[in-house]
Amino acid sequence: MTRRERANTHARLFGQAVLTVRRELRLNTVELAELSGIPLILLGRIETGTADGGEWGLREICMLAGVLDVSVEKLTDRWERYMEEAGEAWWKPVWRDKTRKDTGRN
């Protein structure tokens, strides 16, 4: 897995953590966007994992943690838990050969 693929995976797993905490607080995406000041489109892209790491950073993490009434550590702990649950699958290299296209994912 390339560095870019790893970064995108981290971004996707962070989005899962945000989505989970938001649902636990029974907020919808529009409410969270309004409360945090993060544009709705960007927040939606973070939650769905389509925003790459270049579109958001520490500022957005802190804004979300403040609105979700959790510490940055709790939010990042949730993020790290998702990475641990994904296990080796999210960083496992994909080996290619001539007979099978993706031998590492099967």
Side-chain angles (χ1 to χ4, degrees):
M1 182 175 278
T2 66
R3 189 180 287 189
R4 170 174 261 160
E5 289 170 330
R6 248 180 261 147
N8 288 341
T9 301
H10 277 272
R12 187 173 29 83
L13 294 173
F14 178 73
Q16 280 184 318
V18 170
L19 182 64
T20 301
V21 174
R22 178 181 62 75
R23 285 181 177 165
E24 287 172 359
L25 295 174
R26 292 183 168 78
L27 292 172
N28 63 40
T29 306
V30 174
E31 293 169 330
L32 182 56
E34 290 174 356
L35 292 171
S36 68
I38 296 173
L40 179 60
I41 292 173
L42 176 57
L43 182 59
R45 288 177 47 81
I46 290 170
E47 287 185 347
T48 60
T50 56
D52 63 27
E55 295 179 63
W56 57 271
L58 185 57
R59 189 182 104 210
E60 287 77 16
I61 292 171
C62 291
M63 292 168 76
L64 288 168
V67 171
L68 296 172
D69 199 30
V70 297
S71 66
V72 172
E73 289 80 17
K74 181 177 178 184
L75 190 55
T76 56
D77 284 346
R78 182 71 58 101
W79 181 12
E80 289 171 1
R81 190 179 83 208
Y82 281 124
M83 285 189 282
E84 289 171 3
E85 288 175 0
E88 294 182 8
W90 72 272
W91 63 266
K92 183 178 179 184
V94 176
W95 301 101
R96 301 203 183 260
D97 67 13
K98 293 180 181 178
T99 58
R100 295 175 65 184
K101 189 173 182 181
D102 291 327
T103 59
R105 293 184 183 165
N106 294 330

Closest heavy-atom pair and its distance - Ala11, Ala51: CB-O, 3.5 Å

Where do Thr29 and Leu43 come nearest, in terms of heavy atoms and distance? O-CD2, 3.5 Å

Same apolar cluster (I L V M F W Y, side chains within < 4.5 Å links), Leu27/Ile38: yes

So CD of Gln16 and CD1 of Ile46: to nearest 0.5 Å the spacing works out to 14.0 Å

Leu32 vs Glu47 side-chain heavy atoms within contact, under 4.5 Å: yes

Linking I/L/V/M/F/W/Y whenever any side-chain heavy atoms sit under 4.5 Å apart, do Leu40 and Trp56 land together? no

Under a single-linkage definition using a 4.5 Å side-chain heavy-atom cutoff for Ile, Leu, Val, Met, Phe, Trp and Tyr, are Leu25 and Phe14 assigned to the same hydrophobic cluster? yes

Can you sort out the partners of Arg23 under side chain to side chain donor-acceptor pair (under 3.5 Å), two or more places apart, ordered by chain and number? none

Do you reckon Leu64 sits in the same ILVMFWY cluster as Leu19, going by side-chain contacts under 4.5 Å, direct or chained? no

As an exercise, state the distance from CG of Leu13 to CZ of Arg81, rounded to the nearest 0.5 Å. 11.5 Å

Quick one: does Glu31's side chain have a donor or acceptor within less than 3.5 Å of a partner on Asn28's backbone? yes

Rounded at 0.5 Å granularity, tell me how far CG in Leu35 sits from CE in Met63. 11.0 Å

